[in-house]
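Take a look at the structure set out below.
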Amino acid sequence: QVQLVESGGGLVQAGGSLRLSCAASGRTFSSYAMGWFRQAPGKEREFVAAIGWRNGNTNYADSVKGRFTISRDNAKNTVYLQMNSLKPEDTAVYYCAARRYGSSYQTTYEYDYWGQGTQVTVSS
């Protein structure tokens with residue numbers, strides 16, 4: 001089992017940047033695919049980005065391509081989401097998720113473990 005803790009959220013103006021971090025417990029982090037999802041008030045949780053465990057293959061939602069970058073540091077048991085050129089529509093609670101031996105999946109049901117989320121608010 002793995003526990004996930006997100007950090008790095010906050011309030012930023014449109015056009016600004018934030019870097020989210022997700023720290024994982026345990027000694028097998030490198031064997032987990034990791035994903036970032038977000039949920040705005042009144043909306044369903046949606047895929048943002050994911051990175052596979054084997055070769056680090058990545059996937060992005062069309063809405064964030066070219067602005068967000070997912071990366072991982074297996075030595076630190078941490079996955080990151082660098083968010084640039086932020087827009088008010090990026091405002092949401094951001095969650096990280098994990099699945100052992102997974103690929104860069106884009107749907108919530110393919111992940112087994114979830115963090116508690118971190119709030120990102122982008123003002124116009």
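Values in this document were obtained by computation on a predicted structure and should not be read as measured data. Index from 1, following the sequence.
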Donor-acceptor contact below 3.5 Å, side chain Thr118 vs main chain Gly9: yes
Given Arg27 and Asn77, is the side chain to side chain contact (heavy atoms under 4.5 Å, CB included) satisfied, shown in steps? CA-CA 8 Å; Arg27 296 176 291 179; Asn77 280 17; over 6 Å; no
All side chain to side chain contact (heavy atoms under 4.5 Å, CB included) counterparts of Val2, not counting sequence neighbours: Leu4, Ala24, Ser25, Tyr32, Ala98, Tyr113
Nearest heavy atoms of Gly115 and Tyr95, plus distance in Å: O-CD2, 3.6 Å
Of all the heavy-atom pairs spanning Ala14 and Ser124, show the shortest one and how long it is. CB-CA, 4.4 Å
Closest heavy-atom pair, Glu6 versus Gln116, reported as atoms and distance to 0.1 Å, is OE1-N, 3.0 Å
Does one hydrophobic cluster hold both Leu81 and Val12, with members joined at side-chain heavy-atom distances below 4.5 Å? yes
Any chain of hydrophobic side-chain contacts (each under 4.5 Å) joining Ile51 to Tyr80? no
Do Trp36 and Val64 belong together in a cluster built from hydrophobic side chains that touch within less than 4.5 Å? yes
Between the CD atom in Gln82 and the OG atom in Ser21, the distance rounded to the nearest 0.5 Å is 9.5 Å
Does any donor atom in the side chain of Asn59 or Ser104 lie under 3.5 Å from an acceptor atom in the other side chain? yes
What are the two closest non-hydrogen atoms of Leu20 and Met83, and how far apart are they? CG-CE, 3.7 Å
Note: Arg100 and Ser31 closest approach over all heavy atoms is NE-OG, 2.9 Å
Got a second to check how far Trp53's CH2 is from Arg99's CZ, nearest 0.5 Å? 13.0 Å
Check: Ser30 side chain, Thr28 main-chain N or O, donor-acceptor pair, under 3.5 Å: no
Check Phe29 against Val79 and note the closest heavy-atom contact, atom names and distance. CZ-N, 4.0 Å
Flag the pair Tyr101 / Arg54 as yes when at least one side-chain heavy-atom distance between them is below 4.5 Å, and no otherwise. no
Is a side-chain donor or acceptor of Tyr111 paired with a backbone partner of Gln106 at a separation under 3.5 angstrom? no
Tell me whether the guanidinium CZ or amine NZ of Arg45 lies under 6.0 angstrom from the six-membered ring centre of Trp114 and within 45° of its axis. yes
Kindly write out the residues that satisfy side chain to side chain contact (heavy atoms under 4.5 Å, CB included) with Asp90, not counting sequence neighbours, or none if the list is empty. Arg38, Arg67, Phe68, Leu86, Lys87, Tyr94, Val122
When you look at CD of Glu89, are more than 12 heavy atoms from neighbouring residues, nucleotides or ligands closer to it than 6.0 Å? yes
Apply ring pair (Phe, Tyr, Trp, His ring centres under 6.0 Å) to Phe47 and list each qualifying residue two or more places apart in sequence or on a separate chain. Phe37
Val5 vs Cys22, test: side chain to side chain contact (heavy atoms under 4.5 Å, CB included). Steps then yes/no. CA-CA 5 Å; Val5 179; Cys22 174; over 6 Å; no
Is it the case that Asn84 and Ser17 place a side-chain donor and acceptor less than 3.5 Å from each other? yes
